[in-house]
Amino acid sequence: MPNNFVCTRCHEEDELSAKGFCSRCLLKDHLQALLQDDNGRIPEHMRPFYDAVTTQPNARSATVWLKTNPATRKLLGDLASGKADLAHRTFIEHPEPAKVNHLRRILTSLEALEDYGSRVERFETWLEAKLSDVPNRAHQKLIQQFATFVYLNRLRTLESQGQLEEGTLLSARQSTTVAIDFLAFLQERRKSVAGCTQQDIYDWLASGSTTRSIARTFVRWAIQARHIPKLDFPYRVAQTDPRISSEERNELILHALESPEFGAGDRAAAIFLLIFGQPLSRIAALKVDQFEYSDDGRLRVTFKASPIEIPPPFDEIIKEFLASRMNQNTVANQNSSWCYPGYVSGEHLNANHLMQRLREAGINLRGAKNAALQELVQRIPPAIVAETMGYSSQAMEMHQQRAGAKWMVYPALIDETNP
């Protein structure tokens, strides 16, 4: 590489600025200017942030983040000078909390702030950002009321009882998003909420994907609150659960093992789906501490209550995946507990990303999951499958019936073979 690609300060090779400095040296200068005191020193309480950001793998992305976020730059200066306290309340009471939330997550990941770990607060921050993108003020107010009365109160109760799971949070987000889309649909038709008709609901359901049926929760609430006239929002009639054949499943497993189109994360997701029958929402929310090694060195995973061994050759693929997790080039994600760190710091990857990737690879997601579960209940009693795979016993009994498995005769078979 030519010499003019060598930084004149640190002598590392990079695409240089007009000053002849690399992106990392420019980032250091920018942060130094933001954080230094009158003597040109960075305060001790901000030193971990400076060190972590300036040593992250992708220095250019950090520079872009700072340059495009004036609220973050100002708050950094205030935190360094002592004008703002390094405490969660500073971020909660900030006039633009959504714009400084990424900084908050970074400081939390560095233990400069204690881990608040509140899923409810994450939902509140997400909701605020989501509502800011809704142009109709009346719609903003209505969605705020809906999210508060239908979801926030319930989420707070579940969290206080230690029962709030990531899937519940994702469901609340999806329902709120679809509600916003439904209101936008009415606005495109020049309809007010109070002017919604039965035909509007039919057209909404008929002109989009099956996820539009999720708007039923919002519409039912709006009818009860007298925002929408008394109308009928029909349930989506579920089709017979699809199931791919054993041969198709085996082909897909082989494809996931050998195809170069799969990255490590996609390959692992395919295995969790095709072998263990895990839904993508749960796969996306897997954490590193759900994996462990047994005394004899076998890799195990815990989906619910008890760890289950990952058999070869799939264990080697999962090991490779865990060693090369994605989206770890930013400081907030370097020590992420998620197996699939998301593009938003502190959060896991959206399940829709995995859904799209596996569908592009030709996997019938529902058919594959049902085939995996029905294969499992033919080999293992449904109650044990339910306990280890994170499903209800009723759901596994249903799969047992569809698979034709007859575990109720299992004890008799044992008795016959052991007279």
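Just so it is clear, the model here is predicted, and its values are computed rather than measured.
- Between Arg212 and Asp181, no side-chain nitrogen of the basic residue sits less than 4.0 Å from a carboxylate oxygen of the acidic one, so the salt-bridge criterion is not met.
- Between atom NE2 of residue His94 and atom CZ of residue Arg89 there is a gap of 14.5 Å, rounded to the nearest 0.5 Å.
- Salt bridge present: Lys319 and Glu316 bring a charged side-chain N and a carboxylate O closer than 4.0 Å.
- The shortest distance between side-chain heavy atoms of Arg325 and Val288 falls below 4.5 Å.
- No side-chain heavy atom of Lys287 sits less than 4.5 Å from a side-chain heavy atom of His348.
- In this structure, CG in Leu365 is found 10.0 Å from CD1 in Ile244, a value given to the nearest 0.5 Å.
- Ser175 contributes no side-chain N or O that, together with a main-chain N or O of Ala172, makes up a donor-acceptor pair within less than 3.5 Å.
- No side-chain donor-acceptor contact under 3.5 Å links Thr176 and Tyr151.
- Remark: side-chain polar atoms of Asn69 are paired, donor with acceptor, to backbone N or O of Trp65 under 3.5 angstrom.
- One N or O on the side chain of Asp37 and one on the backbone of Asn39 form a donor-acceptor pair closer than 3.5 Å.
- Ion pairing of Arg220 with Asp232 is absent here, as no side-chain N (NZ or NE/NH1/NH2) approaches a carboxylate O to less than 4.0 Å.
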Report task. Decide salt bridge (charged side-chain N to carboxylate O under 4.0 Å, His left out) for Asp29 and Arg9; before the verdict, give the C-alpha distance in whole Å, the side-chain angles of both, and the deciding distance to 0.1 Å. Result -> CA-CA 12 Å; Asp29 288 348; Arg9 179 185 296 171; 3.0 Å; yes
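- Leu107 contributes atom CG, which lies 5.5 Å from atom CE of Met46 (distance to the nearest 0.5 angstrom).
- Residues Phe149 and Trp221 keep their aromatic ring centres 6.0 Å or farther apart.
- Atom CD of Glu111 is surrounded by 12 or fewer heavy atoms from other residues, nucleotides or ligands within 6.0 Å.
- Remark: the backbone N or O of Leu66 is paired with a side-chain donor or acceptor of Arg73 at under 3.5 angstrom.
- Taking the charged nitrogens against the carboxylate oxygens, Arg300 and Glu309 have no contact shorter than 4.0 Å, which rules out a salt bridge.
- Of the possible donor and acceptor atoms, none in the side chain of Asp315 sits under 3.5 Å from a partner among the backbone N and O of Leu299.
- Between Glu360 and Gln356, the side chains place a donor N or O and an acceptor N or O closer than 3.5 Å (distance only, hydrogens not considered).
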Requested in this report: Show your reasoning for whether side chain to side chain contact (heavy atoms under 4.5 Å, CB included) applies to Met389 and Ile308.
Outcome: CA-CA 9 Å; Met389 299 303 171; Ile308 183 170; 3.4 Å; yes
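- In this structure, a donor-acceptor pair under 3.5 Å is present between the side chains of Ser245 and Glu248.
- Between Ile42 and Arg47, the shortest heavy-atom distance links the atoms CB-NH2, 3.9 Å.
- Using a 30° and 60° split on the angle between ring planes, Phe291 and Phe272 fall in the tilted class, from 30° to 60°.
- Note that SG of Cys25 and NE2 of His30 are 15.0 Å apart. Values are rounded to the nearest 0.5 Å.
- When the shell of 6.0 Å around CG of Asp38 is examined, it contains 12 or fewer heavy atoms from other residues, nucleotides or ligands.
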Query raised in the report: Given Leu103 and Leu76, is the side chain to side chain contact (heavy atoms under 4.5 Å, CB included) satisfied, shown in steps?
Result: CA-CA 9 Å; Leu103 173 61; Leu76 277 171; 3.8 Å; yes
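- When every heavy atom of Gln374 is checked against every heavy atom of Val377, the shortest pair comes out as O-CG2, 3.3 Å.
- Here the closest non-hydrogen pair linking Ala80 and Leu34 is CB-O, 4.5 Å.
- Listed by first then second residue, pairs satisfying salt bridge (Lys or Arg N to Asp or Glu O under 4.0 Å) with a partner in residues 384-395 number zero, not counting sequence neighbours.
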Query raised in the report: Under the side chain to side chain contact (heavy atoms under 4.5 Å, CB included) criterion, do Phe185 and Lys191 qualify, and how do the steps go?
Result: CA-CA 9 Å; Phe185 172 81; Lys191 292 286 189 74; over 6 Å; no
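- Remark: side-chain polar atoms of Gln290 are not paired, donor with acceptor, to backbone N or O of Val301 under 3.5 angstrom.
- Panel note: side chain Ser81, backbone Asp78; a donor-acceptor pair is recorded below 3.5 Å.
- Side chain to side chain, Gln140 and Asn136 fail the donor-acceptor criterion of an N or O pair below 3.5 Å.
- Here the closest heavy-atom approach between residue Ala372 and residue Leu273 is recorded as CB-O, 3.6 Å.
- Contact of the Thr90 side chain with the Val100 side chain is not registered, since no non-hydrogen atoms from C-beta on lie closer than 4.5 Å.
- Annotation: side chain of Met355 is in contact with side chain of Asn352 (closest heavy-atom distance under 4.5 Å).
- The aromatic rings of Tyr340 and Phe321 are tilted relative to each other, their planes meeting at an angle between 30° and 60°.
- Note that OG1 of Thr63 is 9.0 Å distant from CZ of Arg24, once rounded to the nearest 0.5 Å.
- Evaluation of the salt bridge (Lys or Arg N to Asp or Glu O under 4.0 Å) test over residues 140-157, restricted to residues two or more places apart or in two chains, returns Glu124-Arg156.
- Between the side chain of Gln56 and the backbone N or O of Ala52, no donor-acceptor pair lies under 3.5 Å.
- Looking only at side-chain heavy atoms (C-beta outward), Asn153 and Thr157 stay at 4.5 Å or farther from each other.
- Not one N or O on the side chain of Arg298 forms a donor-acceptor pair closer than 3.5 Å with the backbone of Ile310.
- Remark: the Arg41 side chain and the Gln36 side chain contain no N/O donor-acceptor pair separated by less than 3.5 Å.
- In terms of modelled atom types and a separation under 3.5 Å, the side chain of Thr148 and the main chain of Leu152 share no donor-acceptor contact.
- Sorted by first and then second residue, the salt bridge (Lys or Arg N to Asp or Glu O under 4.0 Å) pairs with a member in residues 262-279 read Asp266-Arg357; sequence neighbours excluded.
- Between the CG atom of Asn101 and the OG1 atom of Thr125 there is a distance of 4.5 Å, given to the nearest 0.5 Å.
- Side-chain contact between Tyr50 and Pro43 is absent, with no heavy-atom pair separated by less than 4.5 Å.
- With a 4.5 Å cut-off on side-chain heavy atoms, Leu113 and Phe91 count as touching.
- Between Leu27 and Ala59, the shortest heavy-atom distance links the atoms CD2-O, 3.8 Å.
- Salt bridge annotation for Arg104-Glu121: present, with a cationic side-chain nitrogen under 4.0 angstrom from a carboxylate oxygen.
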Query raised in the report: Stepwise, does the side chain to side chain contact (heavy atoms under 4.5 Å, CB included) test hold for Leu376 with Thr388?
Result: CA-CA 11 Å; Leu376 286 168; Thr388 54; over 6 Å; no
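- Smallest separation of non-hydrogen atoms from Cys22 and Cys7: N-SG, 3.3 Å.
- Using a 4.0 Å cut-off between charged side-chain N and carboxylate O, Asp200 and Arg189 make a salt bridge.
- Looking only at side-chain heavy atoms (C-beta outward), Leu183 and Phe146 stay at 4.5 Å or farther from each other.
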